[in-house]
Student: 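Before anything else, here's the structure in question.
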Amino acid sequence: MNMEKNDDEVPSERPVSPSTPAPGISEPLVVPGDVPAFPCIIHLTSDGGVYRGRVANLAGIEAVGNSERELLGKIVPLFKQTVAEFHQRGESIPWVKPVPEPENGECKRFIPVHL
C-alpha cells in the first residue's frame, strides 16, 4: 500500500512564502516580499453550458458560470477573500482534510492563490 502523501491535496496551516518551501518543491518559492500563497482546489462540472464549481479544500465556497473561465473568475476571488479574512484575524483556516476526490463527472483544478 502506498502511503505517500500528495502535498497538492493536503494544504498546511502555513502559507507558502519565500522562506517556506512550496509543497513538493525543495527550493523556496521566489516571490517578491513575503506574499503568502494558498492552494485552491476546485471540483467543477458542466451541464448544458452551465459550469458549476466548489472549493474542495475549504467548505462553503461555490460558484456558477457560463464558461470554465467565468466560473474560475468568480470562485477564486471568493476563496481569496475567505482565506484572507482568516489570515488577517490570525485564525487557523478550516481546511477540509483529507481533500475529497472529485465526484462522478467532476474534474479538478489546482490554483495557487496569493493574498
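One-based numbering along the sequence shown. Here the structure is a predicted model, which means the values were calculated and not measured.
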Student: Out of curiosity, I61 CD1 to I75 CD1, how far, rounded to the nearest 0.5 Å?
Tutor: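 Output value for this atom pair is 7.0 Å.
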Student: If you group Ile, Leu, Val, Met, Phe, Trp and Tyr by side-chain heavy-atom gaps below 4.5 Å, do L78 and F86 land in one group?
Tutor: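 In one cluster: yes.
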Student: Are any of the side-chain heavy atoms of I41 and V55 separated by less than 4.5 Å?
Tutor: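 Not touching, per the 4.5 Å side-chain cut-off.
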Student: Measuring from F79:CZ to L115:CG, what's the distance to the nearest 0.5 Å?
Tutor: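 F79 atom CZ to L115 atom CG measures 8.0 Å (nearest 0.5 Å).
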Student: So do V64 and Y51 actually touch side chain to side chain, heavy atoms under 4.5 Å?
Tutor: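 Not in contact.
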Student: Test side chain to side chain contact (heavy atoms under 4.5 Å, CB included) on H43 and E101; report intermediate values, then the result.
Tutor: CA-CA 8 Å; H43 292 173; E101 291 297 315; 5.6 Å; no
Student: For the side chain of K80 and the backbone of H114, is there at least one donor-acceptor N/O pair under 3.5 Å apart?
Tutor: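 It does hold such a pair.
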Student: About how many Å separate CG of L58 and SG of C40, when rounded to the nearest 0.5 Å?
Tutor: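 The distance works out to 8.5 Å.
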Student: Closest heavy-atom contact between A56 and P100?
Tutor: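 Scanning both residues completely, I find the closest heavy atoms to be O-CD, 3.6 Å.
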Student: So do I42 and I111 actually touch side chain to side chain, heavy atoms under 4.5 Å?
Tutor: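 Yes, their side chains come closer than 4.5 Å.
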Student: Looking only at non-hydrogen atoms, find the nearest pair between A63 and K74 and report the distance.
Tutor: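 That closest heavy-atom pairing would be CB-CB, 4.0 Å.
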Student: Looking at every non-hydrogen atom in both residues, tell me the closest pair between A59 and V96 and how far apart they are.
Tutor: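 Taking A59 first and V96 second, the nearest heavy atoms are N-CG2, 3.7 Å.
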Student: Can you confirm if the aromatic rings of F38 and H87 lie within a centre distance of less than 6.0 Å?
Tutor: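 Between F38 and H87, which both carry aromatic rings, the centre distance is below 6.0 Å.
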Student: Taking NZ, NE, NH1 and NH2 as the nitrogens, is one of them in E103 or R54 under 4.0 Å from a carboxylate oxygen of the other?
Tutor: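 Salt bridge: yes.
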Student: Between atom CD1 of I93 and atom CD of E85, what is the distance when rounded to the nearest 0.5 Å?
Tutor: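 Atom-to-atom, I93:CD1 and E85:CD are 11.0 Å apart.
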Student: So R52 and L44, do their side chains get closer than 4.5 Å, heavy atoms only?
Tutor: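 Contact flag for L44/R52 side chains = no.
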Student: When rounded to the nearest 0.5 angstrom, what is the spacing between CG in N66 and OG in S46?
Tutor: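 Interatomic distance, N66 CG to S46 OG, rounded to 0.5 Å: 11.5 Å.
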Student: Given side chains that start at C-beta, do those of N57 and P39 come closer than 4.5 Å, heavy atoms only?
Tutor: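 N57 vs P39: side chains touch.
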Student: With a 6.0 Å cut-off (strictly less than), is the heavy-atom count around CZ of R69, excluding the residue itself, greater than 12?
Tutor: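 Atom CZ in R69 is not crowded, with 12 or fewer foreign heavy atoms closer than 6.0 Å.
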